[in-house]
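Contents: one structure, followed by commentary.
Just follow the structure's listing: the first ligand is 1, and inside any ligand the first atom is 1.
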Amino acid sequence: MTIREKIEKTLDNAEKLNGELNSFLSIERDYATKRADELENDSEEKSLRGVAIAVKDNICTKDLQTTCGSYILNNYKAHYDATAVKKLNDAGAVIVGKTNMDEFAMGSSNESSAFGTVKNPWDRTRVPGGSSGGSAVAVASGVVRASLGSETGGSVRQPASLCGIVGLKPTYGRISRFGLVAFASSLDQIGIFGQTSKDAADVLGVTAGRDANDSTTADVAVPDYAATLDNDIKGKKIGVPRALFGEGLDDEIRHAVEKSIDNYKSLGAEIVDVELPYAKYGIAVYYIIATAEASSNLARFDGVRYGFRAEDAHELREMYRKTREEGFGAEVKRRIMLGTYVLSSGYYDAYYSKAQKVRALVKKDYEKAFNTCDAILTPTSPSVAFKIGEKSDDPLAMYLSDIYTVSANLAGIPGISVPCGLSSEGLPIGTQLLGNFWSEDVLLNLANIYEKEFPLGAKPKIFAE
Ligand code: GLN
């Protein structure tokens, strides 16, 4: 098959399934077929030559829409490619579309998108997780091999778990955030979904590295991730923080994750106990810091510089107010209000500075734990994919979906979710591995060996042929 034929098949599949799943906000046929033709005529060796990739709609793509799942950026087009997108293009990948997401990446179910909910291909009455649900479903439904998402508190690992695929959140500073629309800058990181760990490794290898346009990227060598995927994991030490396997964890998840621990043992890994005493404050700390940063970052959407502007406003402040009133959805407004509150004088010390101090302690927990192990294993999500609508009126219940993921973002360490089993209803369950700074190679190796030895052995009901 030529690259053009392959890409056309991908686009056909995306179009065919989108009516049922709503995972793409745009399917870019003209753009992608033109790229395919260019690549066909270019004989240069490229690592991702002709590989179709889907990109979350909060990552800027020159000439294509970037809506962040929000009405306020309806029809907004960026003037430049995000560094990660540029690197993918340079490596020969073909962006086939932009994916649906919770508005401004705020959510755990994709229900806060201004453009409709994404459906889980394992059961269309259920959520795919969020906020990168569209990118997760584009991969889980077999349309693309890999996609880009973003992570502020679990938005790649949690939907990966709920959709039965691999989801990787790299170390903070590993992939450039240039061109990723900011939600909470000290937590945000581009993440990767793959059908397999190999797919994630291939995309990470291309997108990682120092970028002059993002001063938080680190000048740390990028290893050849694919080269160490099959390394023997005998003797690798996996830490298990048992104290976190308590309240709120669904029994079926507990069983599946315990089984994954036994499976790792059978592969020669050594299981050790670790303690993360401050992890229990993760959600509280995250929702103070994330909302504080969001309230500041989202101030730029004022109807002047980007996207939508409200009509019939008679003076400047009225225009700002109306634009933001009409352009933002309920969850975004809730977070801007919370963030403004915790930053306000009088509350700043009680909430924001306190949260920053606890954040430092969460990070110390991990630094200490990684003195005794190579990776830490926990569930990814406390439950399997829930029903659409089940938690949408209860923000606190929704926020608890991130209980196992947020602390990695607070600490800045990498994490991966690997499928480890199915519930009695046939819904996927993920196990999470967290690693020390810059140890994505270790995580990908552990994940790859697991998926080869203990494959899920099932596919979603809706899957592209
Ligand atoms: N679900 C979390 C939130 O709502 C995490 C989001 C994310 O990682 N972008 O903030």
Side-chain angles (χ1 to χ4, degrees), residues 55-59 68-70 99-113 117-118 127-136 147-163 167-172 175 177 180-193 282-295 297-298 328-339 342 355 359 380-383 385-386 391-392 394-417 430 432 434:
V55 174
K56 188 175 180 179
D57 213 18
N58 61 348
I59 299 176
C68 292
S70 180
T99 58
N100 204 345
M101 57 182 282
D102 278 304
E103 186 174 7
F104 284 100
M106 296 174 184
S108 307
S109 67
N110 245 272
E111 291 162 287
S112 81
S113 167
T117 304
V118 179
V127 304
S131 65
S132 316
S135 284
S147 62
L148 294 186
S150 72
E151 267 259 1
T152 305
S155 281
V156 168
R157 287 163 290 157
Q158 186 257 14
S161 170
L162 271 45
C163 292
L168 173 72
K169 174 228 175 274
T171 309
Y172 185 79
I175 298 182
R177 288 180 297 112
L180 167 66
V181 179
F183 162 6
S185 317
S186 76
L187 301 159
D188 295 344
Q189 180 61 203
I190 287 179
I192 301 164
F193 294 97
I283 291 280
V285 170
Y286 170 81
Y287 276 96
I288 292 171
I289 294 177
T291 56
E293 293 186 22
S295 71
N297 275 326
L298 270 59
F328 286 139
E331 184 60 24
V332 173
K333 287 178 187 159
R334 177 159 35 235
R335 300 219 186 179
I336 292 173
M337 285 194 285
L338 255 173
V342 300
R359 178 179 189 177
T380 308
S381 158
S383 69
F386 40 94
K391 297 188 185 178
S392 42
D394 186 352
L396 279 183
M398 189 74 88
Y399 294 174
L400 285 172
S401 317
D402 306 319
I403 194 147
Y404 292 107
T405 50
V406 290
S407 62
N409 302 70
L410 291 170
I413 57 170
I416 195 165
S417 180
Q432 170 176 243
L434 301 174

Legend entry - Under 3.5 Å: N/O of M106 near N/O of ligand 1: no
Legend entry - Contact (N/O only, under 3.5 Å) between G130 and ligand 1: no
Inset, instruction - Go through ligand 1 atom by atom and flag the ones less than 4.0 Å from a non-hydrogen atom of A105. - result: 6 (C), 7 (C), 9 (N)
Legend entry - Check: I289 and S186 side chains under 4.5 Å, non-hydrogen atoms: yes
Legend entry - Residue Y286 vicinity, atoms of ligand 1 by number, heavy atom under 4.0 Å: 2 (C), 3 (C), 5 (C), 6 (C), 10 (O)
Inset, instruction - Using distance alone, decide if ligand 1 has a nitrogen or oxygen within less than 3.5 Å of any nitrogen or oxygen in E151. - result: no
Legend entry - Proximity of D402 to ligand 1 by residue part, where a heavy atom lies under 4.0 Å: side chain
Inset, instruction - Identify, by atom number and element, the atoms of ligand 1 in contact range of G153, meaning under 4.0 Å from any of its heavy atoms. - result: 5 (C), 7 (C), 8 (O)
Legend entry - Rounded distance (nearest 0.5 Å) linking atom OH of Y286 with atom CG of D402: 6.5 Å
Legend entry - Step-by-step side-chain contact (heavy atoms from CB on, under 4.5 Å) determination, F104 to N58: CA-CA 7 Å; F104 284 100; N58 61 348; over 6 Å; no
Inset, instruction - Indicate whether any N or O donor in one side chain lies under 3.5 Å from an N or O acceptor in the other, for T117 and N110. - result: no
Legend entry - Any N297 side-chain heavy atom under 4.5 Å of S185 side chain: yes
Inset, instruction - Indicate, as side chain, backbone, both or neither, the part of F183 found under 4.0 angstrom from ligand 1 when only non-hydrogen atoms are considered. - result: side chain
Legend entry - Region of S131 engaging ligand 1 - heavy atom pairs below 4.0 Å: side chain
Legend entry - 4.5 Å side-chain heavy-atom contact, E103 and E331: no
Inset, instruction - Measure the distance from atom 9 (N) of ligand 1 to every protein heavy atom, then report the residue, atom name and distance (to 0.1 Å) of the closest one. - result: S155 OG, 2.7 Å
Inset, instruction - Please tell me if the side chains of L162 and S381 come closer than 4.5 Å, counting only heavy atoms from C-beta onward. - result: yes
Legend entry - ligand 1-proximal atoms of K56, by part, heavy-atom distance under 4.0 Å: neither
Inset, instruction - Examine ligand 1 and decide if any of its atoms is less than 4.0 Å from a heavy atom belonging to G107. - result: yes
Legend entry - Identity and distance of the protein heavy atom lying nearest atom 3 (C) of ligand 1: Y287 OH, 3.3 Å
Inset, instruction - Could you tell me the separation between the CG atom of D102 and the SG atom of C68, rounded to the nearest 0.5 Å? - result: 12.0 Å
Inset, instruction - Give the single entry among E331, M398, R335 that approaches atom 4 (O) of ligand 1 most closely by any heavy atom. - result: R335
Legend entry - Qualifying residue for side-chain hydrogen bond (donor to acceptor under 3.5 Å, both in side chains) with Y172, from Q189, R177, E151: R177
